Structures are given as structure tokens and as C-alpha cells.
2 protein chains.
Amino acid sequence: MNYTRDNMAGLLRSHEINPTHQRIEIAHALFSRQEHLSADQVMAAVNTRHSETSKATVYNTLKLFLEKGLVSEVIVDPSKVFYDPNTTPHHHLYEVDSGKLSDIDAGSVQISGLPPLPDGMVTEGIDLIVRVRRQP
Amino acid sequence: MNYTRDNMAGLLRSHEINPTHQRIEIAHALFSRQEHLSADQVMAAVNTRHSETSKATVYNTLKLFLEKGLVSEVIVDPSKVFYDPNTTPHHHLYEVDSGKLSDIDAGSVQISGLPPLPDGMVTEGIDLIVRVRRQP
DNA sequence: TGGCCAATCTGGACTTTGTCTAATCTCGCG
DNA sequence: CGCGAGATTAGACAAAGTCCAGATTGGCCA
Ligand SMILES: [Mn+2]
Ligand SMILES: [Mn+2]
Ligand SMILES: [Zn+2]
Ligand SMILES: [Zn+2]
């Protein structure tokens, strides 16, 4: 799969998102890199050549993508949220010193023995984060 | 175990923390409740009667407690960190709508199939968060 | 007892992440 | 064309957290 800007328009439409120039650029930043990016990093990525997308639009758009299920969010760093082009259930490895965040495939991992949920509650997701640091 | 202020002094000393009035109050707020509290909530708990502990001291002290292993931090909410008087390995259930955070005992939960760590890395911790929401 | 001084605490300025709003822009359609 | 719903924008605002220089504390020794 090649994440060209042209393909982004179709991807957006398939998630019921009206493909505008800014939205295409933001989707392209996330999907072409296939990396976890913070709002700030998206902002920088999208405005490298010249300033074309405002902070408000970056935040609005990431929230829209999240609602529409185009991206997921990863909460590992107390100071910022990361946005993830991978929406399949998967886990994360977080290198505490460097802030590097990478995926762990959910296929091989198995979680068992979780207690039953409180009444009237449904699981929204299970986040598993392995926090690692460079050997001291 | 009764978490009186007097017992807090000994608890602090056993973690190589000089027990000052403010530190005792902050530890007491966390341990007597046995709940997950944000810095803001600690601040409020400690200053109910009359203002006695500054914001800077609350943040400094929570960071000190964390370094000394007296409390742990839980990162589930993108807008604030929770501090946890429970430092034994355990998991969390997070009710997204209400923000309620509760413990899941690690004893019964089993996680298997995690890939080997990158070279020269050691696990600092494994965070498992079950995000739930009220049935729609 | 009183003074010293290292550790601690403090108010408040500052930074960063994120939100909000009112004004402006865009673009497909009649 | 030109309308208007939806989208974008600048910049004010809010909340969490950090930082610093000065004030306080309290244990210890003369
Ligand atoms: Mn462009
Ligand atoms: Mn008191
Ligand atoms: Zn991921
Ligand atoms: Zn806990």
C-alpha cells in the first residue's frame, strides 16, 4: 500500500470524512510515516515547506480522525498524546528515556484472567504498555 | 494497617524521605484514602482546613515520593497524572466517562507471548489498562 | 538558650498542551 | 454568478506542570 496524497482522499471518504487540503496533508503525515506522532509533530510535518495549516485545524482534525476511527490515540507520556495510524488492536513498547514508541503485535500476546467488568460497562479497549529503559 | 499521620513519619523515613509537616500531610492524603489522586486533588485534600501547602511543594513532593518508590504514577488520562499509593505491580480499570480509576489485582491476570526486549533494555514496568464505558 | 545553615518551602512568573470563539474563507450548487 | 454550510484561522484563554530566587524551618552545637 502506497500512502500517496491522492490515496488519502479515498481513505478519508471511506471514513466519512470530507477530504480537504489540510485533512489530506495531516492524514498523509501520519500514514506515509506509519509512526506515532504528537499533535506538535503533525503540526511540524505539515508546515515544513511553508505555513499552511493552523494549530486549531491540526487539533480539530486529529480529534475528527479519532472520532471517525481513522486513527487511535496512545496515552503513554504524561505530557502529550500520540496519534497512531494503526487502528487494529495492538500493544506498545515505550522507551522511557528516548520517548520512542513502537508497536507490539497483538497476535502473539495473550491476556487472561481479567476480572468481569462492573455491571452495565463495556470494554472500550485494553491498553498494554511495556515501559523499558536503557540498561543502567 | 492504620495510616495515621504518626505512622506516616516512619513510612517516609523507611523510604529515605525526611518527614516534614507537608510531606506527612501529602502522604497521609494518599495512604489514608488508598485512592488514585491527581496533584490537584492532593493539593485540595491537603488544604481543606486552611491553606498550608503550596502548589510547588505538592508537585515537588509527589515527584520525590515517586523517585523514592513510595508511590507510583498512573498515566491514563491525557490531561493529568494520577498518583497511586499502591506500588505493588497491578493493573487498572479506567471508566472513561466518569474518570474513575480502580485497581485490578495482578495475581489472577496473566500476560504471555510478549516479544523479547530490544538489546540493552530492561523492563521498567508493564501497564495494563482496561478502558470501559457505560453501556450505550 | 541562641544562632547557624542546609534543607525545605513558597509565591508567582513562565512554559506547554490543548480548547474555544468569532471572524473569515471555500467551494459545490441553484 | 453568488449563497451558505462546512471548514479554517488567529489569537485569547485554560489547565497542568516547571522553575527560581527569596523566605522559613528546625536540628545541632557553642
Ligand atoms: Mn500543501
Ligand atoms: Mn496541618
Ligand atoms: Zn501503535
Ligand atoms: Zn492502582
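In the text below, chain A, chain B and the rest are named by the order of the sequence lines, each starting its count at 1. Model, not experiment: these values are computed from the prediction.
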Whole angstrom value for the distance that separates [atom2] of [N] from [atom1] of [X]:
X: A:Phe82; N: C:dT17; atom1: CZ; atom2: P; answer: 10 Å
X: B:Glu25; N: C:dC9; atom1: CD; atom2: P; answer: 12 Å
X: A:Asn18; N: C:dC29; atom1: CG; atom2: P; answer: 11 Å
X: A:Lys80; N: C:dT19; atom1: NZ; atom2: P; answer: 15 Å

Ignoring hydrogens and angles, state whether a donor on the side chain of B:His92 or B:Asp127 is under 3.5 Å from an acceptor on the partner side chain.
no
Between A:Asp40 and B:Asn60, which is nearer to the 5' end of DNA chain C once each is assigned its nearest nucleotide?
B:Asn60
For chain A and DNA chain D, what are the first and last nucleotides along the strand, 5' to 3', with at least one atom under 4.0 angstrom from a heavy atom of the protein chain?
D:dA7 to D:dA12
Is the shortest side-chain N/O distance from B:Thr57 to OP1 or OP2 of C:dT10 below 4.0 Å?
yes
Within the 4.0 Å heavy-atom criterion, would you say B:Ser38 contacts the bases, only the backbone, or no part of the nucleic acid?
nothing
Touch check for B:Thr20, heavy atoms < 4.0 angstrom, all strands: base, sugar-phosphate only, or nothing?
sugar-phosphate
Any salt bridge between B:Asp40 and B:Lys80, counting N to O under 4.0 Å?
no
For residues B:Leu114 and B:Ile104: do they belong to one hydrophobic cluster (side chain heavy atoms under 4.5 Å, members Ile, Leu, Val, Met, Phe, Trp, Tyr)?
yes
Do A:Val71 and A:Val81 share a hydrophobic cluster, counting only Ile, Leu, Val, Met, Phe, Trp and Tyr and linking them when any side-chain heavy atoms are less than 4.5 Å apart?
yes
Taking everything shown except A:Glu124 itself, do over 12 heavy atoms lie less than 6.0 Å from its CD?
yes
Tell me, yes or no, whether the heavy-atom count around A:Gln135 atom CD, taken from other residues, nucleotides or ligands under 6.0 Å, exceeds 12.
yes
Donor-acceptor pair under 3.5 Å, A:Lys55 side chain vs C:dG18 base:
yes
